[in-house]
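First comes the structure, then the notes that go with it.
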Amino acid sequence: LLLLNMFIYAIIVCSADLVQSATIFRQAAGIYHHLAQEVLPHLEPELPPEKPPEALAAVSSIMSLICLAEAQVGVVLFSVSNCILSYHET
């Protein structure tokens with residue numbers, strides 16, 4: 001019972017951070033998407049052949065998808081924590 005209470009306490013403390021984390025990941029995904037669609041395609045021809053992978057539009061596009069996935073993880077964890085809390089209250 002003590003372990004369950006500690007787990008629930010940890011969820012309560014982290015819940016606000018999960019929401020903020022998901023918001024930040026969504027914002028980052030938007031920035032990466034903008035880079036991949038609007039900025040990097042125009043810059044790639046001017047970059048040297050030994051350009052870093054971060055300068056490729058494809059990598060920026062992948063990073064956008066990863067950020068969206070991380071945001072979804074935060075939302076799922078937040079939802080699960082709310083279910084556990086409501087179950088524990090009943």
Side-chain angles (χ1 to χ4, degrees):
L1 186 60
L2 177 61
L3 213 69
L4 179 61
N5 287 333
M6 288 174 59
F7 178 73
I8 291 171
Y9 178 75
I11 290 173
I12 291 170
V13 170
C14 293
S15 292
D17 292 338
L18 290 173
V19 172
Q20 184 178 7
S21 174
T23 300
I24 292 169
F25 275 121
R26 283 194 306 270
Q27 290 171 345
I31 292 168
Y32 278 119
H33 179 75
H34 176 74
L35 284 172
Q37 299 297 314
E38 304 295 330
V39 178
L40 293 176
H42 301 292
L43 293 178
E44 282 182 12
E46 298 174 20
L47 294 173
E50 305 84 33
K51 58 187 162 254
E54 298 85 18
L56 298 174
V59 173
S60 190
S61 181
I62 291 168
M63 289 303 297
S64 175
L65 294 174
I66 290 171
C67 287
L68 285 175
E70 290 292 338
Q72 289 176 345
V73 168
V75 170
V76 168
L77 289 175
F78 181 74
S79 299
V80 168
S81 69
N82 282 342
C83 288
I84 291 172
L85 288 175
S86 63
Y87 177 77
H88 184 69
E89 291 173 357
T90 58

Return the minimal non-hydrogen interatomic distance between [X] and [Y], and the atom names on each side.
X	Y	answer
Leu56	Leu40	O-CD1, 3.7 Å
Glu54	Val59	CA-CG1, 4.4 Å
Glu44	Ala57	OE2-N, 2.5 Å

In one Ile/Leu/Val/Met/Phe/Trp/Tyr side-chain cluster, 4.5 Å: [X], [Y]:
X	Y	answer
Phe78	Val73	yes
Phe25	Ile66	no
Ile62	Tyr32	yes

To the nearest 0.5 Å, tell me how far [X] [atom1] sits from [Y] [atom2].
X	Y	atom1	atom2	answer
Met63	Glu70	CE	CD	9.5 Å
Cys67	Arg26	SG	CZ	12.0 Å
Leu43	Glu38	CG	CD	12.0 Å
Ser60	His34	OG	NE2	10.0 Å

Backbone of Val75 reached by a side-chain donor or acceptor of Ser79 within 3.5 Å: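 Here the side-chain-to-backbone pair exists.
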
